[in-house]
Amino acid sequence: MSSFDLLSPNMQKKIWEMRWEEFTPIQDKAIPAIIETDDDIIISSGTASGKTEAAFLPILTLIEDTAKQSLKVLYVSPLKALINNQFERIESLCKDIGIPIHKWHGDVLQSKKKKFIQNPAGILQITPESIESLFINRTSMIPHIFNKLDFIVIDEIHSFLDVERGIQLRSLLARIEKVINKRPRYIGLSATIDNFEFVKQWVNFRNTDRVRIIHEKGYDKELLYHLMHFQRIEANKKPIELYEDIRELTREAKAIIFCNSREEVEYSTVLLNRLAQKEGEGETYYPHHSSIDKKERKFVEKTIAESTSPKSVIATSSLELGIDIGSIDIVIQVDSTYTVSSLRQRLGRSGRKQGSSSMLQLYSTMEDSLVQSLAVMELVLEKWVEPSQGYKQPFDILFHQIISMCQQYNGIKRSQLIQEIKSNDAFHDLDIEDINELLNYMIEREILEQLPVVQELIIGIVGERILRSREFYSVFMTREQYDVFSGTKQIGTIDKSPFINIKDRIILAGKLWEIYDIDSKRNKIYVSKASQGDPPKYSGDGGKIHQRIGEKMMEIICSDNFFEYIDEKAADCLKEIRIPYHSYEVTPQQRVIWRKKDELVFETYTGTTIYQTLMWMLRTKGVDVKTVDGVGRIKITMPPEEDILKVFDDIKNSTWCAEDVMKGVLERETFVSKFSFYLPERLRDKMHIANEIDIENTLSYLKSYTFRLIEL
DNA sequence: GACCTGCTGCGGGTTG
């Protein structure tokens, strides 16, 4: 039977109404998989391939008859915006057949939530944090809401796999299963991912054979791409020629211009609008990032989506996931992304019009960024993508979930709590001793309290304070912010810092402002219009780069490869970068330590986890490691009579245990997360070891390369 | 070298 024939008459009718002539390849595969098997299904493919319908056409076919009486589908999304977006898309499928669909997140009115609770039926769209709030604030309603649940659909499932938020979600879903004593089918929707074994484990570790991966690899569309280099003059100043070139490129086209920081977005918006104004144009470039007020961002999204004249949006990764901004002619990336998957997602945002090709313009403004841009682009072309690693030994989330569970049960025997933890998919591989240590520690600190007679655990005084905070629901870290107001209108936020003063001039939401009042108690700043300003400084924490990118960079530097998609300046710059490596005949199987008197610069060209582990090993061996930069250049101070290569040999030939590596880790370098501060030191170290240290691959890195000390 | 994500319930006042 064809996919179409498998669908219910009502769904077939929908397809006629939507005037679809054919299914996308992913839909063609997903429909029979969902209808004809009982397996969990992961649907993995690029943007705009119709994954939502691939899941919901067959799901609706299966639940059509029963969904009016009870809740059949729980749809989980990482973004409220995505819920609002998908609501309309799914609603149009549910219309006429009377299947209700409900939204539940922080912006949804209480009255609507109450209405849903009175008669839970059909489909519920929710965020992980709102599931958490159900467990805390509406505990007794959970069986009533979920007891007939058949499907759990997780949208953008890839965004949960490697982060604490994913562990929280995994735990919450396991807890729902426990309450209703039933396991609904899981349907995951994902951008292209790798490491399917891991995804299967995540979804159903008890029975990975019952998880089916439906995967579409390549791109349907032709990809046109080009790289140009505009060397920075000073560290922080990009040349005006770069902006002139972007202006040229976007004069007749609608573009998303991705920058790597909010600061760059603000600065570029002002500059590009100045260039446009010189040509007599009005506002043409709009900024988009998380510190711009939501209303303003919505306005920008709408302006871009609806505009018929060429208008462009300048954004951070805020526009990487599925927010709808209409069709885009060209994607511009200024300096390299940190991951291959990010570039892949971004270029998927262009050429959404039928038949048009995707256009990608890369720019680099520094030597490292040029090589990294090439490496990342080459890996995209090889169709490689970072595999999921998972979030290991999640004691911080266990801490959080123990509080949540104690609230849920309102008193639970310790043995029963441990049993619940061990049977939870999120925590099944944690050691029982560690769980016990954490429980004891929590009782000691009055986060939990052990009731004397009944021997039950309840939430303690300190735990109550943590639980009752608005901050409890989410498990990721955020910074303290000032809200910035012009009159009564909020413009956005800036990081709270003692260095912000009255009369400071800032750029925010693409406009210039002067601060005239700071209300530190209420975290509010008041501004008026100004004619000059600099973007505010936002602080962030660097992410990890995969080993494969480092290796690719070294391959590019050591080879003579000519890239036909790069301009002359980029080619000249690359040539310049290659000179020392070529003159010393360095090969990709080698790594170089450049020596200038007492100072050594070791260019690791590998991934973050490996070069950090190596740095800590070097410290443990008494080597004075000074700094390490984002691409893994380790600066070492060592007198000339000492031999660094001998230290490498020593490290290579030693037997390492994680505790030895930990001796080289500085306090400020240890693992940090929102709830890690509440953990006993040993468990925090254990998290650091599991997530940040990789002894095996570091030793094999040392064994597989030849290291050369070259005097400069 | 960074970016992104979400979130009470209740009482009191106002509005339709």
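Note that these values count all heavy atoms, side chains included, but never hydrogens, waters or copies made by symmetry. Letters A, B, ... mirror the listed sequences (proteins, then strands); counts begin at 1.
As a whole-Å value, the separation of A/I117 CD1 from B/dT8 C1' is 14 Å. In this structure, CG of A/L467 is placed 13 Å from C1' of B/dG9, rounded to the nearest angstrom. The interatomic distance linking A/E264 (CD) with B/dC4 (P) rounds to 13 Å, in whole Å. Atom pair A/K238:NZ and B/dG1:P shows a separation of 13 Å (rounding to whole Å applied). Atom CD of A/E132 and atom P of B/dG9 are 13 Å apart (whole Å). Whole-Å rounding puts the A/Q333 CD to B/dA2 C1' distance at 12 Å. Regarding A/I131, its CD1 atom lies at a distance of 13 Å from the P atom of B/dT8, rounded to whole Å. One interatomic measurement links the two molecules: OH of A/Y611 to P of B/dG1, which rounds to 12 Å at whole-angstrom precision.
Side-chain contact between A/Y538 and A/I494 is present, with at least one heavy-atom pair separated by less than 4.5 Å.
Of all heavy-atom pairs between A/L600 and A/I593, the closest is CB-CG2, 3.8 Å.
Dashed line: the shortest gap from a side-chain N or O of A/S469 to OP1 or OP2 of B/dT8 is not under 4.0 Å. Note on A/K544: every side-chain N or O is 4.0 Å or more away from OP1 and OP2 of B/dA2. Look at A/R297 and you'll find a side-chain N or O under 4.0 angstrom from OP1 or OP2 of B/dT5. Distances shown here put a side-chain N or O of A/R262 below 4.0 Å from the OP1 or OP2 atom of B/dC4. Within the structure, every side-chain polar atom (N or O) of A/K113 is placed at least 4.0 Å from both OP1 and OP2 of B/dG9. In terms of phosphate contacts, A/T316 brings a side-chain nitrogen or oxygen within less than 4.0 Å of OP1 or OP2 of B/dC4. Regarding contacts with the backbone of B/dC7, a side-chain N or O of A/S130 is found under 4.0 angstrom from either OP1 or OP2. The shortest distance between the side-chain N/O atoms of A/S290 and the OP1/OP2 oxygens of B/dC4 is below 4.0 Å.
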Practice item. Take A/E386 and A/K544, measure what salt bridge (charged side-chain N to carboxylate O under 4.0 Å, His left out) needs, and give me the verdict at the end. Key: CA-CA 11 Å; A/E386 286 87 0; A/K544 283 183 187 163; over 6 Å; no

Exercise for review: List the steps, then state whether side-chain hydrogen bond (donor to acceptor under 3.5 Å, both in side chains) holds for A/T609 with A/D694.
Suggested key: CA-CA 6 Å; A/T609 313; A/D694 185 348; over 6 Å; no

**Study point:** Intermediate values then yes/no, salt bridge (charged side-chain N to carboxylate O under 4.0 Å, His left out), A/R165 and A/E129
**Key:** CA-CA 9 Å; A/R165 201 178 180 201; A/E129 289 73 16; 2.9 Å; yes

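Both A/T339 and A/E129 lie close to DNA chain B; mapped to their nearest nucleotides by heavy-atom distance, the more 5′-ward contact belongs to A/T339. If A/S369 and A/H288 are placed on DNA chain B by their nearest nucleotide, the residue sitting closer to the 5' end is A/S369.
Heavy atoms of A/R165 sit under 4.0 angstrom from at least one base atom. Residue-level contact check: A/G543 touches the bases, meaning some heavy atom is under 4.0 Å from a base atom. Using a 4.0 Å heavy-atom cutoff across all strands shown, A/Q372 reaches at least one base atom of the nucleic acid.
Between B/dC4, B/dG6, B/dG1, one nucleotide has an atom nearer to the side chain of A/I545 than all others, and that is B/dG1. Taking every side-chain heavy atom of A/V631 into account, B/dG1 is the closest of B/dC3, B/dG1, B/dG9. Side chain of A/N137, nearest nucleotide from B/dG9, B/dG1, B/dT5: B/dG9. Of the listed nucleotides (B/dG9, B/dC7, B/dG1), B/dG9 has the atom at the smallest distance from the side chain of A/Q110. Taking the side chain of A/E471 as heavy atoms from C-beta on, and the options B/dT5, B/dG6, B/dT8, the nearest nucleotide is B/dG6. Nearest nucleotide to the A/F476 side chain, out of B/dT5, B/dT8, B/dC4: B/dT5.
Residues A/H400 and A/F472 bring their aromatic ring centres within 6.0 Å.
Ring-base stacking between A/Y338 and B/dC3 is not satisfied when judged by a centre separation under 5.5 Å and a plane angle under 30°.
Under the ring pair (Phe, Tyr, Trp, His ring centres under 6.0 Å) criterion, A/H102 pairs with A/F116, sequence neighbours left out.
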